[in-house]
Amino acid sequence: MTEKIATREAYGKALVELGKSNGNVVVLDADLSKSTKTALFAKEFPERFFDMGIAEQNMIGTAAGLAQGGKIPFASSFAVFATGRAFEQVRNSVCYPKVNVKIAATHAGVTVGEDGGSHQSIEDIAIMRVLPNMTVIVPADAEEAKQAVFHAAETEGPFYIRLGRSGVPVIHGGQYRFQLGKAEVMKQGKDAAVVACGLMVAEALAAADMLAADGIDIEVINSATIKPLDGKTIAAAAEKTGAVVTAEEHSIIGGLGSAVSELLGECCPVPVERVGVTDKFGESGAPGELLEHFGLTADEIAKAVKRVLKRKA
Amino acid sequence: MKDNQKLEDLARSIRRHIVEMVGEAGSGHPGGSLSAADIVTALYFREMRLDPERPDWPERDRFVLSKGHAAPVLYATLAERGYFPQKELLTLRKLGSRLQGHPDSKHLPGVEMATGSLGQGLSAANGMALAARLDGQETRVYALVGDGEIQEGQIWEAAMAAAHYKLDNLAAFLDHNGLQIDGENREVMGVEPVDAKWRAFGWHVIGIDGHDFDQIFAALEEAKKTKGKPTMIIAKTIKGKGVSYMENEVGWHGNAPKTDQVEKALAELV
C-alpha cells in the first residue's frame, strides 16, 4: 500500500525547519494549533508563536501588522475560517496593500470528514484566487507541501497554501523541486490531458493506469500553483491532446476547473470536463466515503475522460 | 501655554488643508478628519520618533489610522511634516493619485497600513507592536480608532489580544466625537460606557479633551509609564472641529464643502 502523509503534517514540520533557519518567521493560529500542526512550531519557538484565540479576523490583521514590522507571518486555521470568516481582512489588510502574509489553511475539502458540511471548505480556492496579489498553491503531497511552504517564506507577498487533514499518497520523492507557477507534467499522454491539484493528482495517476488498460493514453498534469496558473504548460497539453479534464477536491465553480476553462476558452478552446463537487455543500462521513459520494475518484476521472473524448472534434 | 502655540498653528494649517482638499476632491470625510486633527498633529510634530527623509527607518514609531476614512487628516499632516509635497494634497481621490480615498500603504510614504475597512487597523497596530517587541526595539505604536468603528467585532478581538499579549508599547486614541453616518452613536448602536468597556478588556484607560494639547501629551506620558497593558486614550472631540457650520453636524461626516463653504471655512481657520 502506498505511503500516506497529510499535507498539514508536512506543514508543521516545514515550519520547524523554517524557524531554525529564519528568525523572522512567526506563526499565528486561532486555537487550532494541534490540528493545523503549528503546535510543532510553538513547542520549538514559543516566543515566535502567537495563539490568537478563536478570532480569525484579528489573526489575519495582526499577521498584516507583523509583516509590516518586517516579520514573515504564517497564519493558520481551517480553510473555511481562514478564507471565509476572515475574507475581508485577507482582502483589505493583506492583498490590497500587498503585505507579506502567508496563510496556510488546513482541513480543506471534503476529507475533513465527519465534522460535516460546515467545516468542509470547497470554495476557498475560488475566493482566494479572485484576490489581486494573492498566490494560491494546492500541494498534491507532503513533499510538495513542504517545498511550497519554504518557497512562500522566501517570496515576498501574500500566499495561500491549501492543506488537508487526511493522509494523501506520496507521489514525489525527495529529489522533486517545486517551482512556483510551473505545472508539473507527471505523465505524458496523447489522447486527453487531466489537470489536477491536491489529492486528486494521485487519483488522476490512478485513472491513467485504468485508462491505459482500455488503450487510452492520458497526460497527467499537477497544477499545484492555481494562481498564477501555468497557462503555457496547460495550453500546450490542450493543443497536443485536444481534450482536457480537470480534477479537484473543491467546487467545480471558481477553482481549478474554472481557471483552466477560462484559460482554454481564451487561448485554445477544446472540450473540457470538470471533476469536482457539483455546486453542493459537503456532509458528514468518513473521508474515503465522501470522496466516493462526491465523485472525487480515479474512476470518475476515467469516466470524465471517456466523456470528453466523445466530444473531441 | 506658549509652547503649544506652534502646534495650534500647525493644527489650524492641517484643518485648512483638510477643507481645501476635500472641497477640491468633491467628496471625502471632513467631519472626522477635523475632529482628529489635534491628536494627529501632536503625534507627528512632537511625540513620535520619525524621519520623513527615511519613511522606512526601522526604529520609527508607527501610527495606524484605523478610522481610515479620516485619510485627509493623515495626508495633510504627512505633507506638513515633509513626507511629500503639499501641492499633492489637491490630488486627493483623483485618478492616478497616491492620495487614495482611504489610505493605501503601498503607494504613499508614511502610511503604515492600508485602512478604511473599519475595525481592521487596531489588529495591524497590534502586529506592529509585537514585531517591535520581538526585535527588542523601543518603537511605540499608536492607533486612532473611531467611536463608531468600535461597533465592529474585530475591534474587541484586537482589544482582547493586545491585553493578552501585554502590549504596553501600544497606545490608541478613541476619537470620541459621538457621531457616525446614520446619526449619534447612542441612537445607531449604543456603545457607552466606552471607558468601562476598554477597562474590562484589560486596557489602561485615560479620558481627555482631544482638542487640548496639554491633556494629549499628559495622556501620552501616562501611557509610556504604564507597564504590562496597552493604553486607550478616550479623547472627547467635536466632529467638524474648527469649522463652525460643520461642528457637531452629522451631515458633514462624508460631504464635501462647496466653493463658498470652503471659503467660509478658511476664513474661520486663520
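Lettering follows sequence order; numbering is per chain, from 1. What you see is a predicted model; the values in this text were computed from it and never measured. Just so you know, these numbers use all the heavy atoms, side chains as well, and skip hydrogens, waters and symmetry mates.
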query = NZ of B:Lys106 to SG of A:Cys95: how many Å apart, nearest 0.5 Å?
reply = 10.0 Å
ask   = Does the side chain of A:Gln89 come under 3.5 Å of the side chain of B:Gln154 through a donor N or O and an acceptor N or O?
value = yes
Enclosure of A:Lys43 NZ (heavy-atom neighbours >12, cutoff 6.0 Å) = no
ask   = Would one find more than 12 heavy atoms of other residues, nucleotides or ligands at under 6.0 Å from atom NZ of B:Lys224?
value = yes
ask   = Listed by residue number, which members of residues 137-152 of chain B have a heavy atom under 4.5 Å from any heavy atom of chain A?
value = none
message = Quick check on A:Arg91: does its CZ atom have over 12 non-hydrogen neighbours (other residues, nucleotides or ligands) under 6.0 Å away?
response = no
ask   = To the nearest 0.5 Å, how far apart are OG1 in A:Thr62 and OH in B:Tyr165?
value = 9.0 Å
query = When you look at NZ of A:Lys227, are more than 12 heavy atoms from neighbouring residues, nucleotides or ligands closer to it than 6.0 Å?
reply = yes
inquiry  = Quick check on A:Glu56 against chain B: is it the side chain, the backbone, both or neither that has a heavy atom closer than 4.5 Å?
reply    = backbone
message = Within the structure provided, determine whether A:Asn58 and B:Ile155 are in side-chain contact (heavy-atom separation under 4.5 Å).
response = no
message = Is the shortest side-chain heavy-atom distance between A:Phe50 and B:His164 below 4.5 Å?
response = no
note = Residues of residues 127-139 of chain A with a heavy atom under 4.5 Å from any heavy atom of chain B, in residue-number order, are none
query = For the atom pair OG (B:Ser117) and OH (A:Tyr96), what is the distance rounded to the nearest 0.5 Å?
reply = 11.5 Å
inquiry  = Quick check on A:Lys102: does its NZ atom have over 12 non-hydrogen neighbours (other residues, nucleotides or ligands) under 6.0 Å away?
reply    = yes
inquiry  = Just so I understand: if I count every heavy-atom pair under 4.5 Å between each of A:Met52, A:Glu88, A:Lys98 and chain B, which residue has the most?
reply    = A:Glu88
ask   = Looking at B:Thr115, B:Leu134, B:Val64, B:Val111, which has the largest count of heavy-atom pairs under 4.5 Å with chain A?
value = B:Leu134
message = How long is the straight-line distance from CE of A:Met59 back to CG of B:Asn126, given to the nearest 0.5 Å?
response = 14.0 Å
note = Most heavy-atom pairs under 4.5 Å with chain A, out of B:Ala125, B:Pro58, B:Ala114, B:Gly121, belong to B:Ala114
task = Rounded to the nearest 0.5 Å, what's the gap from CD on B:Gln120 to CD1 on A:Ile60? Could you check?
result = 10.5 Å
query = Side chain, backbone, both or neither: which part of B:Arg62 has an atom under 4.5 Å from a heavy atom of chain A?
reply = side chain
ask   = Roughly how far, to the nearest 0.5 Å, is the CG atom of A:Asn24 from the CG atom of B:Asp135?
value = 6.5 Å
Side-chain heavy-atom pair A:Gln68, B:Met113 within 4.5 angstrom cut-off = yes
query = Checking heavy atoms, do the side chain of B:Ala158, its backbone, both or neither come under 4.5 Å from chain A?
reply = both
